[in-house]
Amino acid sequence: MTHWIIAPVVLPALLAPFIVLAARFHFGIQRAFSVAGVVALIAISASLAWSVSDGDVILYQLSDWAAPFGIVLVGDRLSTLMVLLTSVLALFVLLYAIGSKWDERGWHFHALFQFQLMGIMGAFLTGDLFNLFVFFEVLLIASYGLMIHAGGNERLRAGVQYVLYNLIGSTLFLFALGSIYAEAGTLNMADLAERVTQIGAEETVGIRVAAVLLLLVFAIKAALVPLHFWLPSSYAEAPAPVAALFAIMTKVGAYAIIRVYTMIFPPDLEATAGLHVVWLMPAALVSLAIGMIGVLAAKKLDRLVAFSIIGSMGMVMVAIALFTEDGIAAALYYIVHSTLAGAILFLITDLARSGRDNLNLTAQPPVSGAALTAGLFFVGAIAMAGLPPLSGFLGKLLVLDAAYDSVQMPWIWAVVLASSLISVVGFARAGSNVFWKARSIARPEGAPVVAAPSALSYTAVGGLIALLIAHTVFAGQVHGYTRAISAQLFAPEPYISTVLETPGKLGRPEDKAKGGHGDDGHGDESHGAESHGDDATHGESDAGHGADEQENGGH
């Protein structure tokens, strides 16, 4: 499966330009290739997840250049889980976009959708911080195009706000990368994990600044208070299928925090001790509270769902901020839940929009299919609010249990329980106004009858709900797997050794004996001087490099 790990990035990267160039004006062909591509992604992602389920780490070296000099993609339990979750979510979102004909409101929906998948997959699989930045930018460009799909002044205004906030994050990201490279001389995650431990106590200023800047960048991506202002309008104004796909976007920020702050800057690292442990938990608790208060105060259904995303990310970050195996395991279980629940609610919001003038939380005449839509909303609401028996309730129990031994346990329990009560009231109020009170209001005479949403739209929402139910039924097995993921994260030695010691053009001793890369300007001497000058093995190899190259002809 080593070579298959690049497929989740390459496949959508090839499909997107093909759709633009060969099927620009043929929606049928666009839909067929787009759906087929996502189905193939699911098969590949499932195979990758299965291949690493026993704890193996798989590596792909682009152009066969070994780390830390070359670009690498790395698959472990965490990254393959996120790739599989993204692939499955993308299928149902795409089916809804086709069933609701959202994809027909602009020519490039499917191409942008594929570019979006490329960015998300790359962010989850990359083993290099600079390439994480690159994939973040791919996400930004594609998501902006999807957000303003179908046009409209409000959508354009929200899109501009979204881009501005994320450009600030990109700028901070570049500053952080510059600081890290200046201090460590590398941006490969596995190599960084080794090098930061060698930085002396008197030389930690630069690396501490970089660690803080990275946390700010990832907090922006995760919509963590007070860096959340871009999310409510952006998600509320985006087309429903786009907002549903964006449910995984905030999880990219959470994934980056988990990856970087368990491997590169773990809590027990002396150089950055206390930086993220101290500040992340208060921000997470405030995010949880603000998000659920926003649910209660929202005046429109789409903004209510957007604020619930902020609240759910607060819950995820509370679990992450514990930085324990139980906390990360609970966070990963809740990430899967909140991604599915958020997507369900955004799609149901679009179903509720059918035949209405607006999405205000006021009583309006009923629309076609209101009974079925109301039933689906009820399921999505109790899932996001964390009521039994669905996975939101189980996820919150896991978070509370993980926090039981924490010194911050009283604050965590108080905020989680209080915010849950507030969210229940907020969702009950919204459902009552939008669906229940509508039964007593007569439709105005002469008002056009709007057709009910298509069967494919309901099928897409039903499929996501079925996944949510499966996530509940198999909670024991899923949590067992997330615990295995967490254990692997807190013991990163196999990940590091796989990335740095796997044979490659720059890593095989026999290649160095044959001359390596002498003639192309990338000889071992320059690499050794820059990155491994203290390594005796590299020194010996470099000493005999010229003679060996003369004997064997080099490359």
Side-chain angles (χ1 to χ4, degrees), residues 93 96-97 100-109 111-113 115-116 119-120 136-172 217 219-253 287 290-291 293-295 297-314 338-339 342-354 356-361 384 430:
V93 169
Y96 185 91
S100 60
K101 300 188 185 302
W102 264 108
D103 61 332
E104 293 185 1
R105 304 187 191 188
W107 289 110
H108 303 298
F109 177 87
L112 289 170
F113 191 89
F115 275 129
Q116 183 78 42
I120 296 173
F136 273 10
E137 296 311 295
V138 174
L139 286 176
L140 177 61
I141 296 170
S143 59
Y144 177 71
L146 286 172
M147 183 174 295
I148 62 173
H149 178 76
N153 291 333
E154 293 297 325
R155 192 167 291 136
L156 181 61
R157 186 180 298 112
V160 171
Q161 179 185 10
Y162 169 80
V163 169
L164 288 177
Y165 269 96
N166 281 274
L167 284 178
I168 293 173
S170 299
T171 304
L172 293 176
V217 172
I220 291 174
K221 300 296 182 183
L224 199 63
V225 172
L227 305 172
H228 69 291
F229 296 105
W230 60 270
L231 190 145
S233 295
S234 300
Y235 280 39
E237 297 298 335
V242 175
L245 181 64
F246 282 7
I248 194 67
M249 292 272 286
T250 49
K251 311 308 184 296
V252 176
S287 299
I290 293 296
I293 291 173
V295 168
K299 297 181 179 180
K300 297 180 65 177
L301 187 59
D302 49 5
R303 290 186 69 86
L304 178 146
V305 178
F307 273 104
S308 73
I309 296 294
I310 296 175
S312 69
M313 282 308 301
S338 61
T339 301
I344 289 168
L345 286 173
F346 276 120
L347 298 183
I348 292 173
T349 298
D350 192 59
L351 294 176
R353 191 194 305 267
S354 176
R356 296 178 186 269
D357 295 331
N358 52 64
L359 285 172
N360 293 338
L361 297 181
M384 185 61 82

Nearest heavy atoms of A247 and G342, plus distance in Å: CB-C, 4.4 Å
Do Q116 and F246 pass the side chain to side chain contact (heavy atoms under 4.5 Å, CB included) test, and can you show the C-alpha distance, the side-chain angles, and the key distance before you say yes or no? CA-CA 10 Å; Q116 183 78 42; F246 282 7; 4.2 Å; yes
Identified side-chain contact (heavy atoms from CB on, under 4.5 Å) counterpart of V242 within the set W102, F346, F109: F109
If we ignore hydrogens and angles and just use 3.5 Å, is the side chain of S233 paired with the main-chain N or O of A158 as donor and acceptor? no
Within the 4.5 Å heavy-atom criterion, are L167 and L140 side-chain neighbours or not? yes
Check step by step if side chain to side chain contact (heavy atoms under 4.5 Å, CB included) holds for Y96 and D103. CA-CA 9 Å; Y96 185 91; D103 61 332; over 6 Å; no
Between V93 and A244, the two heavy atoms sitting closest are CG2-CB, 3.8 Å
Heavy-atom closest pair, residues A430 and L304: CB-CD1, 3.6 Å
Quick one: closest heavy-atom pair of L345 and S308, and the distance? CD1-OG, 4.4 Å
Closest heavy-atom pair, A240 versus L347, reported as atoms and distance to 0.1 Å, is O-CD2, 3.9 Å
Identify the heavy atoms of M384 and S312 that sit nearest to each other, and give their distance. SD-CB, 4.0 Å
Run the numbers on L139 and M249 for side chain to side chain contact (heavy atoms under 4.5 Å, CB included), then give the verdict. CA-CA 9 Å; L139 286 176; M249 292 272 286; 4.0 Å; yes
If you look only at pairs with a residue in residues 143-159, which of them pass as a side-chain hydrogen bond (donor to acceptor under 3.5 Å, both in side chains), with sequence neighbours excluded? S143-Y162, E154-R157
Test side-chain contact (heavy atoms from CB on, under 4.5 Å) applied to Y235 and D302, V305, T250, I310, the passing residue: T250
Is there a side-chain contact between K221 and N166 (heavy atoms, below 4.5 Å)? yes
Would a 4.5 Å heavy-atom cut-off, applied to side chains only, mark M147 and S234 as touching? yes
Can you tell me if E137 and S170 form a side-chain donor-acceptor pair at under 3.5 Å? yes
Distance-only, no hydrogens or angles: does the W230 side chain make a donor-acceptor pair with backbone N or O of I220 under 3.5 Å? yes
